[in-house]
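If you're wondering where the values come from, they're calculated on a predicted model, not measured in any experiment.
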Amino acid sequence: MVFVPSAIITDPYFYAVSIPAVLLLGVSKSGFGAGFGSLAVPMMALAVTVPQAAAILMPVLLVMDILGIAAFRKDFDPVLLKFLLPFGVLGIGIGALLFKLLDAHTVAAMVGGFTLLFLVQRLLFPPRPDSAPPPRWLGALLTTTSGFTSFIAHAGGPPITAYIIPLRLSPVRFTATMAFFFFVVNLAKWIPYGFLGLLDSRNMLTSLVLLPLAPLGVWVGVRMARRISQVLFYRFLYAGMFLTGIKLLVGRLA
């Protein structure tokens, strides 16, 4: 691969939408405002194609994931993670096989619709403190969906969040488990993204320009996640999922 400096994207409009998208992704990767990260690709897709936006974010995601697991390395749930990871990787494989056949905007709209349905269900039928956790088959299905939508448009947050929220983890444990889950899932994307020709010099060099924003977003999110109450934390989760669902769904209908 030959890296040519002139290949870097120089369109000011691209950076006008990409800079806030990367910062939002960083805050989301830390667990605070989880769900908002799914807006990054749709925001960047205002200036470039969805596959190109997803490819540009790959190095950024890698740095964010490393920072996330370093910050929460002692707080994740190993039993839950052992259950989630195989299904997340399975979803990545399905996404890689179907990538050329699917419209990423359609997939994003499906994620948005599902997210809103989940929130309606939680509003109309709120869980009781003594309610049983979701069945494992549902967790397997939602986690596979998360891996799939993560591969297509980095929109894996809402499906798996819909499964994890009813487990009522503490904010830090929730954040740490999601950080480790998406570290593995995002790492698994590199080889198929390379085979699909998305990791070219233009995308990678453009990603390097955005890379310094990664630690800033994660740092802000980590500080918030460690200082916020559990009730307020989950309110932000619901707000993030609602806005994400609207944006992903309306983006397809517009």
Side-chain angles (χ1 to χ4, degrees), residues 21-22 24-45 50-51 53-58 60-62 64-65 68-69 76 80-81 83-99 102 104-119 134 138-165 167 174-193 198 217-218 221 237 240-241 243-245 247-249 251:
V22 171
L24 200 59
L25 183 61
V27 171
S28 177
K29 293 295 291 182
S30 68
F32 186 82
F36 287 120
S38 298
L39 296 174
V41 168
M43 288 174 65
M44 293 173 66
V50 169
I56 289 171
L57 285 175
M58 286 295 288
V60 176
L61 283 169
L62 178 61
M64 289 179 176
D65 288 334
I69 63 175
F76 66 93
L80 179 58
L81 202 60
F83 168 68
L84 297 174
L85 284 176
F87 296 106
V89 174
L90 174 62
I92 291 293
I94 296 172
L97 292 174
L98 299 180
F99 186 81
L102 292 172
H105 289 291
T106 300
V107 174
M110 292 169 60
V111 174
F114 167 80
T115 302
L116 295 177
L117 286 175
F118 165 77
L119 291 175
L138 181 60
L141 177 62
L142 292 176
T143 306
T144 302
T145 302
S146 177
F148 170 73
T149 55
S150 179
F151 186 86
I152 299 296
H154 297 324
I160 194 170
T161 301
Y163 173 65
I164 299 297
I165 283 180
L167 300 181
F174 174 97
T175 299
T177 304
M178 290 298 91
F180 274 82
F181 173 78
F182 280 108
F183 169 72
V184 175
V185 165
N186 288 329
L187 206 59
K189 298 176 189 176
W190 279 86
I191 293 178
Y193 266 52
L198 297 175
V218 174
L237 281 180
M241 292 181 71
L243 294 177
T244 298
K247 177 65 177 72
L248 294 176
L249 187 60

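- By the 6.0 Å contact criterion, CD1 on Ile191 is open, its count of non-hydrogen atoms from other residues, nucleotides or ligands being 12 or less.
- What you find for Thr143 and Gly88 is that their closest heavy atoms are CG2-N, 3.6 Å.
- Side chain of Tyr193 to main chain of Phe151: a donor-acceptor pair is present (N/O by atom type, distance under 3.5 Å, no hydrogens or angles).
- Listed by chain and residue number, nothing satisfies the ring-ring contact (aromatic ring centres under 6.0 Å, His included) test with Phe181 (two or more places apart in sequence, or in another chain).
- When every heavy atom of Gly147 is checked against every heavy atom of Ile92, the shortest pair comes out as O-CD1, 3.3 Å.
- Rounded to the nearest 0.5 Å, atoms CG (Leu80) and CD1 (Ile164) are 4.5 Å apart.
- A heavy-atom distance below 4.5 Å is not found between the side chains of His154 and Leu25.
- Among all heavy-atom pairs drawn from Met44 and Ala53, the shortest one is CB-CB, 3.8 Å.
- Partners of Ser150 by side-chain hydrogen bond (donor to acceptor under 3.5 Å, both in side chains), not counting sequence neighbours, listed by chain and number: Lys189.
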### Task
Just do the side-chain contact (heavy atoms from CB on, under 4.5 Å) check on Val184 and Asp65 with the steps written out, would you?
CA-CA 9 Å; Val184 175; Asp65 288 334; over 6 Å; no
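- Minimum heavy-atom separation, Ala188 to Pro192: O-CD, 3.3 Å.
- Atom CG in Leu57 sits 12.5 Å away from atom CG in Leu62 (nearest 0.5 Å).
- Proximity of a side-chain donor or acceptor of Thr149 to a complementary backbone N or O of Ser146 within less than 3.5 Å is detected.
- Here the straight-line distance linking atom OG1 of Thr177 with atom CG of Leu84 works out to 8.0 Å at 0.5 Å rounding.
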### Verdict with reasoning, Asn186 to Trp190, per side-chain contact (heavy atoms from CB on, under 4.5 Å)
CA-CA 7 Å; Asn186 288 329; Trp190 279 86; 5.8 Å; no
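- Atom CG in Leu141 sits 10.0 Å away from atom CZ in Phe87 (nearest 0.5 Å).
- Residues meeting the ring-ring contact (aromatic ring centres under 6.0 Å, His included) test with Phe183, sequence neighbours left out: none.
- Distance CZ/Phe148 to CG/Leu98: 5.5 Å, rounded to 0.5 Å.
- Residues Leu198 and Pro51 approach most closely at CD2-CB, 4.0 Å, considering heavy atoms.
- Expressed to the nearest 0.5 Å, how far OH of Tyr163 lies from CD1 of Ile165 amounts to 13.0 Å.
- The shortest non-hydrogen separation linking Leu81 to Phe76 is CD2-CD1, 3.9 Å.
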